[in-house]
Amino acid sequence: MTDGATTTHHPGKGRRKGRKTERGRQPTAAALCEVAGVLGGTAPERALLLEYLHRIQDQFGGISAQHIAALAHHMRLSMAEIYEVASFYAHLDIHREDDEAPPTLTIRVCDSLPCQMAGAEALFGTIAREMGPDVRVVHAPCMGRCDCAPVVEVGRNHLSSATVESVRTAVARNATTPEMLVSGHAADSTYTVLDKVLAGTPTTHEMISTLDEAGLRGLGGAGFPAARKWQFVLAEPTPRILVVNADEGEPGTFKDRHYLETEPSRVLEGTMIAAHAIEADAVYIYLRDEYPQVHTLLAKEITALRAAKPGLPPITVRRGAGAYICGEESAMLESIEGNRPLPRHRPPFPAQVGLFGRPTLAHNVETLYWIPHILENGAAWFADQGAEGHKGPRSFSVSGRVQNPGMKLAPAGISVRRLIDDYCGGMQDGHVFAAYLPGGVSGGILPASLGDLPLDFGALEPHGAFIGSAAVIVLSDQDDVRDAALNLMRFFADESCGQCTPCRVGTEKAVTLMQDPAWDAGLLNDLGQVMREASICGLGQAAPNVFQTLMRYFPEVVR
């Protein structure tokens, strides 16, 4: 000891005998065998942890504590590392006790705002009362089908405009395998633009110039110029990676699903053009688990593309598992690597240190979809489709109280009033336009009196809102904007990754404050300032838009 004291050794005390087993829960021989089968007899890869968890659930209906112990054993990881990943995602069903049997069938009822407006909560209550003990009924985050709300997932099949009767029918059929409901257009699978790019015309420099002139921006929400992204990645050394963000988890957003279901080859063509431009030697597509039919479509299209053009870089599709935060590109990269998907601190940026530590270009599905169109038709063709000086068309995901919701291709800069009247057939019968969300849950809530504002990047920010992914949710005079705001804030509280205190505590505190009969405006504004300035990523930074726009434009409902 440092003070010069001596110690006396007592035989039999203070010694540890050699352990015959590892610490913690020991997997059974049966669980070890089951997980070994899931691994397929190959050495496990750390980056495939989420995929292994998916496979276990696919095969056994859930993930037991024994499965987690066995997977930890095979991967030489601690159970905590496995559990922290598995417990993060909404679509992974963990059974914490060894004797806890997985449900025969799981029914998930979407609780996003469009579904709530369509009666999802009442539907949930009726279904929960009717189902037997072998059927589990749970709330679930947005499923990307907001234009046909309410949406219910029975097993792996999604029911559009779900009713109690349609759920009963689906349960009686007990169909757990996703049905193929859509098919891509084979006529689009020519890849003529890609062939020209591979032949060297246009060059990468020419493509960057064309995309810049066209004004193509990242259409997943951030709106960063696509050409500039390419330049940033190209400034870094090889090897480089391209990642496709197909995890549109913003409630109200479903435009990417539309393009993946109807024109998957065009999305892949834009993907491979971008990969060629940055000299990527690997491509990863991170796709929502809520889109099982798209998984099937993409697998078919990728197989055909590989056969037709064997020299292209390999394409790997990774499944998400129901986590809104994975739409943030650095959290998505962590998920692909098999880690808990916590957003990274910046710098370095993904263009510098991205997937597996390599310079990475991350693009949204719609952004990639437009690339071959722009290269084929020219920058002016794209840019001139905007309205009132805005550039390009936009794919608006419209839901709520309109006659004809859906994906509407309209000029960037169009007003929501024109969007409703000219593209959606007006408001539903008996409903008067009262408010709207111009950019999903993150973009704030604006009154109908601001319904003539242009819907585009930079136009809404002076009013405390933004367009984001162009998910427009329309509310009427029969909707309670206060209830809508509370639904949105509960979503943020559920989806916060918990990494930083301003977001983790701030979203929960906001929910509590917003439940008070009269809102404390001063406290909420202080809370919003802290969240904006101190949160690591866009979730915490944008969440205050919900209550701040309500206090600004609907003061009568919060006093």
Side-chain angles (χ1 to χ4, degrees), residues 61-62 89-96 100-176 249-252 254 289-290 322-324 399-401 405 428 430-431 437 441 473-495 507-508 510-512 514-517 546 557:
Y89 297 97
H91 291 179
L92 297 181
D93 300 325
I94 304 172
H95 312 296
R96 293 170 176 81
E100 183 182 353
T104 303
L105 186 65
T106 295
I107 297 176
R108 291 181 167 87
V109 181
C110 180
D111 62 3
S112 70
L113 179 58
C115 285
Q116 175 183 281
M117 293 166 62
E121 191 57 37
L123 181 62
F124 176 91
T126 303
I127 295 171
R129 288 192 298 271
E130 285 198 6
M131 294 300 114
D134 292 334
V135 177
R136 186 180 64 149
V137 183
V138 297
H139 288 102
C142 182
M143 299 177 187
R145 291 169 171 78
C146 314
D147 53 332
C148 45
V151 179
V152 175
E153 183 184 45
V154 179
R156 293 286 287 148
N157 284 297
H158 294 84
L159 306 180
S160 299
S161 304
T163 63
V164 175
E165 290 72 22
S166 66
V167 172
R168 288 189 191 125
T169 301
V171 171
R173 292 175 55 240
N174 196 20
T176 57
E250 182 92 17
F254 46 87
D289 191 45
E290 293 90 336
Y324 170 66
S399 60
R401 303 298 185 186
Q428 292 178 0
H431 290 264
L437 283 68
V441 298
I473 304 175
V474 179
L475 284 70
S476 78
D477 58 336
Q478 298 183 33
D479 294 308
D480 187 327
V481 290
R482 181 172 171 144
D483 284 348
L486 188 57
N487 175 282
L488 305 183
M489 190 53 63
R490 282 174 173 153
F491 170 82
F492 283 125
D494 287 341
E495 295 296 334
T507 52
E508 293 181 353
V511 168
T512 301
M514 291 168 67
Q515 290 175 316
D516 289 343
V546 174
V557 306

Note to self: I'd like to check His431 versus Val474 (side-chain heavy atoms, cut-off strictly below 4.5 Å). Are they in contact?
What the structure shows: no
Next item on the list: Nearest 0.5 Å please: distance from the CE atom of Met143 over to the OG atom of Ser160.
Entry: 10.5 Å
Check: What are the two closest heavy atoms between Cys110 and Pro141, and how far apart are they?
Finding: SG-O, 4.0 Å
Item checked: Main-chain N/O of Phe491 paired with Asp494 side-chain donor or acceptor, under 3.5 Å -> no
Check: Below 4.5 Å, heavy atoms only, C-beta onward: do Leu105 and Asp134 meet side chain to side chain?
Finding: no
Next item on the list: Heavy atoms only: give me the nearest Gly249-Cys142 pair and the separation to one decimal.
Entry: O-CB, 4.3 Å
Checklist line | Considering all heavy atoms, the nearest Val557-Arg482 contact | finding: O-NH1, 2.9 Å
Check: When you measure from the side chain of Gln478 to the backbone N and O of Gly430, does any donor-acceptor pair fall under 3.5 Å?
Finding: yes
Margin query: Taking Arg156 first and then Asp289, would you say they form a salt bridge - that is, a charged N and a carboxylate O separated by under 4.0 Å?
Written below: yes
Item checked: Glu153 side chain reached by Glu290 side chain, heavy atoms, under 4.5 Å -> no
Margin query: Is any side-chain heavy atom of Leu488 closer than 4.5 Å to one of Leu437?
Written below: yes
Notebook entry, point to check: So which heavy atom on Gly252 is nearest to which on Ser399, and how close?
Noted result: CA-OG, 4.4 Å
Next item on the list: Hey, could you give me the CZ/CZ distance between Arg129 and Phe124, rounded to the nearest 0.5 Å?
Entry: 10.5 Å
Margin query: Is any side-chain heavy atom of Asp111 closer than 4.5 Å to one of Gln116?
Written below: no
Next item on the list: Quick one: do Met514 and Val546 satisfy side chain to side chain contact (heavy atoms under 4.5 Å, CB included)? Show the steps, please.
Entry: CA-CA 10 Å; Met514 291 168 67; Val546 174; 4.2 Å; yes
Next item on the list: Show the numbers, then the answer: is there a side chain to side chain contact (heavy atoms under 4.5 Å, CB included) between Arg490 and Gln515?
Entry: CA-CA 11 Å; Arg490 282 174 173 153; Gln515 290 175 316; 2.8 Å; yes
Next item on the list: Work out which heavy atom in Val441 is nearest to a heavy atom in Glu250; give both atom names and the distance.
Entry: N-OE2, 2.8 Å
Checklist line | Over all atoms of both residues, closest heavy-atom pair of Ser112 and Asn487 | finding: C-OD1, 3.9 Å
Next item on the list: Check the pair Thr106 / Val138 against side chain to side chain contact (heavy atoms under 4.5 Å, CB included), numbers first and verdict last.
Entry: CA-CA 8 Å; Thr106 295; Val138 297; 4.3 Å; yes
Note to self: Within the 4.5 Å heavy-atom criterion, are Ser476 and Gln428 side-chain neighbours or not?
What the structure shows: no
Margin query: Measuring only between side-chain heavy atoms, which start at C-beta, is Asn157 closer than 4.5 Å to Arg173?
Written below: no
Item checked: Met117 vs Leu475, side chain to side chain contact (heavy atoms under 4.5 Å, CB included): CA-CA, chis, key distance, verdict -> CA-CA 9 Å; Met117 293 166 62; Leu475 284 70; 4.2 Å; yes
Notebook entry, point to check: Side chains of Val135 and Thr104: does their closest heavy-atom pair fall under 4.5 Å?
Noted result: no
Note to self: Measuring from atom CD of Glu130 to atom CZ of Arg168, what distance do you get when rounded to the nearest 0.5 angstrom?
What the structure shows: 4.0 Å
